[in-house]
K.L.:
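What follows is a single structure, and I will ask about it in a moment.
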Amino acid sequence: MANMAKTALITGILGQDGPYLAKLLLSKGYKVYGMVRRYSNPNFENLEYLDLTNKIDYMEGDMTDESSLYNVIRVLRPTEVYNLAAQSFVGGSWEMAKLTTEVNSLGVVFLLNGIKLFSPRTKFYQASTSEMFGLSNTNGYQDEKTPFHPRSPYAISKVHAYWTTINFRESFGLFTTNGILFNHESPIRGIQFVTRKISDGVAKIKLGLEKKLYLGNLETMRDWGFAGDYVEAMYLMLQQEKPDDYVVGTGENHTVKEFVKLAFRYGGIPDWEKYVVIDPRFKRPAEVYELKAKADKVTKALGWKPKVSFDELVKTMVEADLKRYGRVSKSR
Ligand code: NAP
Ligand code: GDD
């Protein structure tokens with residue numbers, strides 16, 4: 001048979017990870033389909049940022065609508081499905097617990113049923129998360145053996161999806177994988193997440209568009225990497241002979257405060273404390289205090305390693321937001 005292009009369906013194509021993954025798969029010769037839910041005005045800004053809008057085909061589907069997912073799988077029967085769609089904001093998940101559960105847990109049941117019924121050879125990637133570990137921090141890090149102690153409706157919904165993914169593998173022999181990814185960021189990170197909120201805030205303060213930056217808990221620690229590196233791990237997981245689950249992170253963590261300090265420094269503002277206001281509205285009912293990956297398995301088995309350092313990540317994000325607001329800081 002002629003060399004047929006592999007096809008990939010990416011749910012959550014309009015988010016942060018979707019465009020980076022699409023870019024990677026296109027570079028490998030895939031035909032890429034993005035699933036978009038129905039909107040009057042879908043936002044293609046992130047795809048636009050990477051110049052991808054016209055390089056992808058789109059299918060309509062909603063994670064809360066079983067028949068739309070069945071339809072997408074039945075029509076495309078893709079080589080690979082990357083399920084990135086989610087209500088992914090932890091902070092909002094207490095107020096939207098039902099929606100979060102429907103999208104993040106039930107949606108995965110629907111998608112996997114669709115694959116089982118209409119395309120059982122399709123390989124499936126589930127966007128699992130370090131949030132599932134929550135309070136579990138026995139050895140000062142988290143790896144594939146660390147038990148889960150989820151702390152939010154978001155994290156709970158993702159634990160459900162994690163086990164659903166494994167259950168379809170064990171029950172029906174489907175090729176399903178979980179990537180347990182630690183926080184990863186980029187210039188197209190959603191504006192509500194703390195890193196982008198900070199880089200955006202620094203740029204606005206530098207350019208005189210805002211006076212203050214309002215934040216919650218500055219002491220929590222995250223293992224932050226670059227989204228462009230992490231999508232390579234997703235891809236590698238689906239190229240293996242056998243499906244498995246992998247922790248993906250840098251192995252280094254920092255406090256929110258460290259991110260703030262560095263971002264202000266890269267924005268050319270030395271005295272960050274003058275601008276940052278602690279606002280209880282941004283504190284969470286139950287916090288995840290410290291995440292740090294031990295990602296030996298993915299390095300050993302798949303040869304994956306992060307390339308972008310914490311410093312480079314902060315710098316890139318601040319510079320991108322300074323540019324967005326129309327002027328590059330003189331301090332560069
Ligand atoms: P994101 O920017 O929030 O993107 C999520 C996407 O899901 C959005 O494009 C959104 O569509 C889509 N979506 C939401 N509800 C939907 C529904 N009912 N039907 C169809 N699509 C829906 O998330 P991300 O940062 O790219 O993360 C990708 C995935 O990895 C998520 O599942 C997230 O939970 C998981 N994850 C992320 C990280 C991280 O640090 N970024 C770490 C671990 C795991 P709209 O654009 O239409 O709103
Ligand atoms: N969003 C936000 N806004 N977070 C703040 C703020 C603020 O103003 N101030 C402090 N934080 C703290 C949060 O309390 C949390 O401890 C940390 O900053 C990171 O928050 P987020 O950037 O919102 O990310 P997250 O760690 O809760 O969740 C992200 O990473 C997970 C992987 O661990 C999301 O992308 C999840 O979808 C993902 O699964």
Side-chain angles (χ1 to χ4, degrees), residues 10-21 34-39 41-47 60-65 68-69 72 82-93 96 99-100 102-104 106-108 110-111 125-134 142 150-152 154-155 157-158 161 178-186 188-198 201 213-227 230-231 234 247-249 255-257 259-260 276-291 293:
I10 304 178
T11 71
I13 189 74
L14 304 182
Q16 171 189 247
D17 292 0
Y20 283 104
L21 178 62
M35 194 181 87
V36 179
R37 52 181 163 162
R38 216 212 71 79
Y39 267 123
N41 280 310
N43 184 349
F44 287 85
E45 213 174 287
N46 289 349
L47 284 169
E60 250 184 25
D62 194 301
M63 294 301 285
T64 60
D65 187 279
S68 72
L69 299 180
V72 171
Y82 294 87
N83 181 37
L84 309 184
Q87 189 306 90
S88 78
F89 185 47
V90 175
S93 70
M96 286 183 293
L99 178 75
T100 302
E102 283 174 355
V103 176
N104 299 2
L106 275 184
V108 176
F110 299 159
L111 253 187
Y125 173 88
Q126 168 58 18
S128 286
T129 164
S130 51
E131 274 293 301
M132 300 187 303
F133 298 123
Q142 293 91 11
R151 293 274 280 172
S152 62
Y154 168 80
S157 72
K158 286 284 188 172
N178 283 289
I180 307 173
L181 270 52
F182 284 61
N183 300 48
H184 44 279
E185 320 293 315
S186 73
I188 54 170
R189 179 61 142 154
I191 200 85
Q192 282 182 306
F193 300 95
V194 79
T195 54
R196 182 72 202 293
K197 185 172 168 183
I198 296 166
L213 173 59
Y214 297 87
L215 293 172
N217 195 335
L218 299 189
E219 305 306 328
T220 56
M221 302 186 84
R222 290 292 182 273
D223 177 335
W224 281 296
F226 170 55
Y230 286 45
V231 297
M234 298 178 188
V247 154
V248 179
T255 59
V256 173
K257 194 186 278 173
F259 196 107
V260 169
V276 173
V277 180
I278 302 303
D279 185 333
R281 278 181 307 155
F282 300 112
K283 292 195 172 165
R284 294 174 180 179
E287 183 57 89
V288 170
Y289 299 107
E290 186 172 358
L291 293 174

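Order of appearance sets the numbers: ligands from 1, and atoms from 1 within every ligand.
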K.L.:
Main chain of S186, side chain of Q16: is a donor-acceptor contact present, judged purely on distance under 3.5 Å?
P.N.:
yes
K.L.:
Backbone, side chain, both or neither: what part of S128 comes under 4.0 angstrom of ligand 1, heavy atoms only?
P.N.:
backbone
K.L.:
Taking both backbone and side-chain atoms of E287, is any N or O found less than 3.5 Å from an N or O belonging to ligand 2?
P.N.:
yes
K.L.:
Is it the side chain, the backbone, both or neither of Q16 that has a heavy atom closer than 4.0 Å to ligand 1?
P.N.:
both
K.L.:
How far is atom 7 (C) of ligand 2 from its nearest protein heavy atom, and which residue and atom is that?
P.N.:
K197 NZ, 3.7 Å
K.L.:
Considering only heavy atoms of T129, which atoms of ligand 2 have at least one such atom less than 4.0 Å away?
P.N.:
31 (C), 32 (C), 33 (O), 38 (C), 39 (O)
K.L.:
At a non-hydrogen distance cut-off of under 4.0 Å, which region of V103 contacts ligand 1 (side chain, backbone, both, or neither)?
P.N.:
side chain
K.L.:
Suppose we measure from atom 21 (N) of ligand 1 to each protein heavy atom; which comes out shortest, and what is that distance?
P.N.:
A85 CB, 3.6 Å
K.L.:
Can you tell me which residue and heavy atom of the protein come closest to atom 1 (N) of ligand 2, and the distance to 0.1 Å?
P.N.:
Q192 O, 2.9 Å
K.L.:
Quick one: which ligand 2 atoms are inside 4.0 Å of a heavy atom on Y154?
P.N.:
36 (C), 37 (O), 38 (C), 39 (O)
K.L.:
Just jot down the ligand 1 atoms closer than 4.0 angstrom to any heavy atom of L181, in number order.
P.N.:
42 (C), 43 (C)
K.L.:
Quick one: nearest non-hydrogen protein atom to atom 35 (O) of ligand 2, plus distance?
P.N.:
R189 NH2, 2.9 Å
K.L.:
What residue and heavy atom of the protein are closest to atom 27 (O) of ligand 2, and at what distance?
P.N.:
R284 NH1, 2.6 Å
K.L.:
Give me the atom names and distance for the closest heavy-atom approach of D17 to A227.
P.N.:
OD1-CB, 3.9 Å
K.L.:
Do me a favour and list the nearest non-hydrogen protein atom to atom 9 (N) of ligand 2 with residue, atom name and distance?
P.N.:
G216 N, 2.8 Å
K.L.:
For ligand 1, is there an atom lying under 4.0 Å from some heavy atom of E102?
P.N.:
no
K.L.:
Considering only heavy atoms of T129, which atoms of ligand 1 have at least one such atom less than 4.0 Å away?
P.N.:
43 (C), 44 (C)
K.L.:
Taking distance alone, with N or O pairs closer than 3.5 Å, would you say F182 contacts ligand 2?
P.N.:
no
K.L.:
Walk me through it: do K283 and E219 pass the test salt bridge (Lys or Arg N to Asp or Glu O under 4.0 Å)?
P.N.:
CA-CA 11 Å; K283 292 195 172 165; E219 305 306 328; over 6 Å; no
K.L.:
Going by the atom numbers of ligand 2, which of them fall below 4.0 Å from some non-hydrogen atom of S88?
P.N.:
34 (C), 36 (C), 37 (O)
K.L.:
Any idea which protein heavy atom is nearest atom 17 (C) of ligand 2, and the distance to it?
P.N.:
T220 OG1, 3.8 Å
K.L.:
Let's go through T100 and Y154 carefully: what are the C-alpha distance in whole Å and the side-chain angles of both, what is the deciding distance for side-chain contact (heavy atoms from CB on, under 4.5 Å) to 0.1 Å, and is it a yes or a no?
P.N.:
CA-CA 6 Å; T100 302; Y154 168 80; 4.3 Å; yes
K.L.:
Determine the interplanar angle of the F226 and Y20 rings, folded into 0 to 90°, and report it as parallel if under 30°, tilted if 30 to 60°, perpendicular if over 60°.
P.N.:
perpendicular
K.L.:
Evaluating non-hydrogen atoms only, which member of R37, H184, M35 is closest to atom 22 (C) of ligand 1?
P.N.:
R37
K.L.:
Which of the atoms of ligand 1 are close to L14, meaning less than 4.0 Å from one of its heavy atoms?
P.N.:
9 (O), 46 (O)
K.L.:
Return yes when Y39 approaches ligand 1 closer than 4.0 angstrom through a heavy atom, no otherwise.
P.N.:
yes
K.L.:
Would you say ligand 2 has an N or O under 3.5 Å from any N or O of T195?
P.N.:
no
K.L.:
With a 4.0 Å cut-off on heavy atoms, is Y289 in contact with ligand 2?
P.N.:
no
K.L.:
Return yes when M221 approaches ligand 2 closer than 4.0 angstrom through a heavy atom, no otherwise.
P.N.:
no
K.L.:
Looking at ligand 1, does R189 have a heavy atom less than 4.0 Å from it?
P.N.:
yes
K.L.:
With heavy atoms of V90 as the reference, note each atom of ligand 2 found under 4.0 Å away.
P.N.:
27 (O), 28 (O)
K.L.:
Counting non-hydrogen protein atoms only, what is the nearest one to atom 34 (O) of ligand 1? Give residue, atom name and distance.
P.N.:
Y154 OH, 2.6 Å
K.L.:
Distance to 0.1 Å, residue and atom name: give those for the protein heavy atom nearest to atom 30 (O) of ligand 2.
P.N.:
N183 ND2, 3.0 Å
K.L.:
Run the numbers for me: atoms of ligand 1, each under 4.0 Å from some heavy atom of D62, listed by number.
P.N.:
17 (C), 18 (N), 19 (N)
K.L.:
Near N217, which atoms of ligand 2 are under 4.0 Å from a heavy atom of that residue?
P.N.:
9 (N), 10 (C), 11 (N), 12 (C)
K.L.:
Show the atoms of ligand 2 that are less than 4.0 angstrom away from any heavy atom in F89.
P.N.:
1 (N), 23 (O)
K.L.:
Would one find an N or O of Q87, backbone or side chain, under 3.5 Å from an N or O of ligand 1?
P.N.:
no
K.L.:
What is the nearest protein non-hydrogen atom to atom 22 (O) of ligand 2, stated with its residue, atom name and distance?
P.N.:
V194 N, 2.8 Å
K.L.:
Only heavy atoms of S130, strictly under 4.0 Å: list the atoms of ligand 2 that pass.
P.N.:
32 (C), 33 (O)
K.L.:
Considering the heavy atoms of M63, write down every atom of ligand 1 situated less than 4.0 Å from one of them.
P.N.:
17 (C), 18 (N), 19 (N), 20 (C)
K.L.:
If we set the cut-off at 4.0 Å for heavy atoms, which region of E131 has an atom near ligand 1: side chain, backbone, both, or neither?
P.N.:
neither
K.L.:
Using a 4.0 Å heavy-atom cut-off, say whether F89 meets ligand 1 through its side chain, its backbone, both or neither.
P.N.:
neither
K.L.:
Please write down residue, atom name and distance for the protein heavy atom closest to atom 4 (O) of ligand 1.
P.N.:
G15 CA, 3.4 Å
